[in-house]
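Order of the sequence lines sets the chain letters (A, B, ...), proteins ahead of strands, with each chain counted from 1. Note: hydrogens, waters and symmetry copies are ignored here, and every other heavy atom, side chains too, is used.
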Amino acid sequence: MTGRENDEPLTLAAYAILNEAGDQAGNYHDALGLFTHAERLGVDGLWVRQFHLRRPGPGSHAAPGGGLPSPMVFLAWLAARTTRLRLGTAAVTLPLESPLRVAEDAAVLDALSGGRVELGVANGGWAPGLAELFRDAGRGTDPSSRRTDYHADLALLANALNGAALNESGARLNPPGQGLADRVWEATLTEHSAYDTGACGHGVLIGTTQTVPADVTARAYYRGLERYAAQTVPRPPRVAIATLIYPAKDKETALREARAGIEEKYEWGREFLPPATTLAGKAASIGLHYGTAEQITESVLAQPWFRYATQLMVQTELFYASYTHRADALELFVRDVAPALGWAQTAQTVSVG
Amino acid sequence: VVPLPLENVIRVAENAAVLDAISGGRLELGVSNGGQPQIATALGISLDPAPNQKKAAYLRSLGTLTSTLRGDPVNGTDQELNPPAPGLAIRIWESALTKQTGHDSATRSNGVLIGTTQTVPAEVTAAAYYSSLPEDVPPRVGLVVHVHPSASRRDGLAALEADVQTVYGWGKDWLPQARTLEEKAAAINVHYGTPEQIAESIRAFPAFRYTTEIQFSVGYGTTSRKQRLAAAEAIAQDIAPRLGWKPERNTEPGEIS
């Protein structure tokens with residue numbers, strides 16, 4: 001037994017932030033290839049992040065030179081070429097979008113994919129000047145009015161997905177959002193927002209580099225979900241947690257190969273990450289699980305957040321020399337780590353060779 | 001087309017750029033100054049009811065879209081479009097319903113999409129487009145053509161009757177005057193009969209001589225997917241070649257399933 005807090009089956013997703021500089025079309029196709037491979041391996045789903053625009057120049061961890069601004073277009077490709085993978089956005093920055101356009105795009109993708117969309121949204125996009133480019137100026141800029149606006153947007157999105165009338169003439173979302181309202185997730189960074197997410201009955205997406213520890217966020221989510229159950233009907237928890245991995249023949253080799261990526265990521269987040277001085281300390285601080293399959297298993301099991309997770313979002317980025325390398329790492333995780341964590345493959349897999 | 005007044009143009013540029021990147025540069029980006037007021041209301045957008053104001057807003061949006069696709073800084077910020085899509089700026093098409101919009105699209109070096117239900121005849125829009133196109137810019141004129149292959153003109157017209165009456169009835173206030181079913185079908189650019197008859201009918205359509213691309217539609221008069229596929233096959237094999245089109249690559253008959 002792995003001592004999980006919930007009775008939900010543990011599921012497995014591939015996760016990509018996809019913000020590397022360089023040939024973007026090439027990056028997208030490499031990632032699409034990795035995800036179709038993930039389906040063949042038996043992975044249950046995938047999540048991609050959304051990044052808008054970029055600064056001219058080579059890019060850095062703080063100001064990435066690349067990214068995917070239109071996750072739904074990307075996922076539409078996968079909808080056509082996969083049959084089983086859940087297709088997730090992690091997450092659409094709602095304050096930069098028209099909530100109804102998000103509902104429309106999600107509904108079309110859901111129709112095309114046979115109901116496979118997992119719609120993750122987030123209250124973000126606060127880089128200076130960004131909001132004005134995408135939404136009407138004049139919205140509040142302090143955290144409290146941002147939160148109010150975000151909840152108004154979420155309500156609009158839910159209304160549309162639930163088939164409510166959207167104007168005086170009674171226009172409704174088309175195609176209808178068939179169950180999509182029950183597949184909304186929110187990416188959260190704080191205890192407060194995780195509680196709200198639970199209280200809305202949504203799923204929660206938790207990164208590992210958070211301002212508060214992931215287990216604190218997860219517990220707040222469960223409290224919110226209890227409140228939701230008390231007011232409406234109980235809903236199973238949906239807690240997806242980013243799991244950054246780097247397999248190698250031993251821990252020392254992993255640290256040596258991943259050094260540059262660890263240092264860069266730690267520098268980027270040193271203001272809010274747990275302080276560390278050694279390379280191993282920094283690797284732990286950024287939430288990296290590395291070494292052999294056994295060592296990665298042990299590392300994930302030791303995380304205070306693990307017992308709350310219903311899904312692991314496996315990330316193979318930052319440290320990898322090639323997509324073949326990433327595919328190998330994912331395969332190792334699926335075959336040798338996930339089963340030891342309690343994951344039971346639900347899908348028939350095609351032999352990979 | 002994407003009706004720009006209902007969209008954030010930076011999001012349109014992003015979606016277009018990602019689709020273009022994933023498809024290996026195959027996107028043709030058609031836009032319009034469309035958008036019904038009730039839909040705008042539902043989307044939380046206020047459209048200016050004054051046509052000249054709405055047009056001015058469309059032109060600002062189109063300008064931003066074009067410069068963003070070219071890779072210029074977005075709206076005076078230090079940000080640029082990602083993924084880059086410089087080739088897309090010269091693959092913009094505008095839906096043009098009037099002589100003026102045909103002229104305007106040409107001055108912007110964009111393509112035009114001329115439809116079947118125009119406020120002026122399609123050839124007037126197309127001629128205006130040609131007369132204003134800069135000399136070094138190849139023309140791009142897309143013409144929508146509705147096609148219904150059938151054993152005879154009479155059979156075709158019978159199958160088309162319900163759709164023709166509906167569409168003509170919807171646009172009767174501004175479509176060319178027509179009384180008989182045949183006249184109404186002609187007024188909305190529907191072509192029917194044997195492949196020879198359809199090809200002849202399209203060639204006789206005054207806007208055809210300006211057309212660089214025909215956009216076939218097989219929706220009218222068909223009721224099943226199978227029928228539509230058969231119509232598409234008839235177009236590719238028997239109709240389009242009669243209009244001067246050569247397939248880039250020969251496909252085996254029956255490859256469509």
Side-chain angles (χ1 to χ4, degrees), chain A residues 19 21-29 31-32 50-57 59 63-78 96-105 127-130 132-136 152-153 156 159-160 165-173, chain B residues 2-29 35-48 57 60-61 63-65 67-88:
Chain A
N19 64 351
D23 170 26
Q24 298 294 290
N27 289 353
Y28 297 161
H29 275 284
L32 291 166
Q50 180 183 42
F51 286 96
H52 291 289
L53 309 174
R54 69 170 183 190
R55 274 204 193 93
L68 175 66
S70 302
M72 309 258 195
V73 175
F74 181 91
L75 295 177
W77 191 101
L78 285 162
L96 301 182
E97 302 273 347
S98 153
L100 293 188
R101 288 291 293 108
V102 171
E104 289 183 332
D105 285 350
L130 205 53
E132 290 72 17
L133 292 178
F134 290 92
R135 289 283 289 265
D136 295 338
D153 284 349
L156 268 175
N159 260 345
L166 300 173
N167 62 9
E168 285 171 1
S169 55
R172 282 161 219 281
L173 182 68
Chain B
V2 175
L4 287 189
L6 301 184
E7 301 278 344
N8 174 291
V9 281
I10 313 295
R11 289 293 294 113
V12 171
E14 290 181 334
N15 286 347
V18 170
L19 181 56
D20 203 49
I22 289 178
S23 67
R26 286 187 284 149
L27 181 63
E28 302 291 334
L29 180 56
Q36 297 170 309
Q38 316 90 285
I39 301 300
T41 306
L43 288 166
I45 294 163
S46 52
L47 294 185
D48 201 309
R60 282 195 300 275
S61 293
T64 304
L65 177 66
S67 68
T68 300
L69 290 174
R70 268 193 215 120
D72 297 348
V74 178
N75 280 337
T77 62
D78 65 347
Q79 305 280 316
E80 65 182 16
L81 180 67
N82 184 67
L88 253 180

Do P69(A) and V18(B) touch side chain to side chain, with heavy atoms closer than 4.5 Å? yes
Tell me the salt bridge (Lys or Arg N to Asp or Glu O under 4.0 Å) pairs involving residues 69-88 of chain B, sequence neighbours left out?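 Output for this query lists R54(A)-E80(B), R55(A)-D78(B).
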Gap between atom [atom2] of [Y] and atom [atom1] of [X] - 0.5 Å precision:
X: I39(B); Y: L166(A); atom1: CD1; atom2: CG; value: 9.0 Å
X: L6(B); Y: L100(A); atom1: CG; atom2: CG; value: 11.0 Å
X: N75(B); Y: F134(A); atom1: CG; atom2: CZ; value: 9.5 Å

Which atoms form the tightest heavy-atom contact between Q24(A) and P83(B), and what is the distance? CB-CB, 3.6 Å
Find the one option among G26(A), G65(A), G67(A) whose heavy-atom pairs under 4.5 Å with chain B are most numerous.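 Of the candidates given, the most pairs with chain B belong to G67(A).
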Counting only non-hydrogen atoms closer than 4.5 Å, does N82(B) touch chain A with its backbone (N, CA, C, O), its side chain (CB onward), both, or neither? both
Going by atom type alone, with no hydrogens or angles, which donor-acceptor pairs under 3.5 Å involve a side-chain atom of residues 70-77 of chain A and a protein atom two or more places apart or on another chain?
unit_1	atom_1	unit_2	atom_2	d
S70(A)	OG	E14(B)	O	3.4
S70(A)	OG	N15(B)	N	3.2
S70(A)	OG	N15(B)	OD1	2.5

Contact origin within L156(A) toward chain B - heavy atom pairs under 4.5 Å: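 Contact with chain B: none, neither part.
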Counting only heavy atoms closer than 4.5 Å, note whether E97(A) contacts chain B via side chain, backbone, both or neither.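 Looking at E97(A), just its side chain touches chain B.
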Is the side chain of N167(A) donor-acceptor paired with the backbone N or O of Q38(B) at a distance under 3.5 Å, no angle test? yes
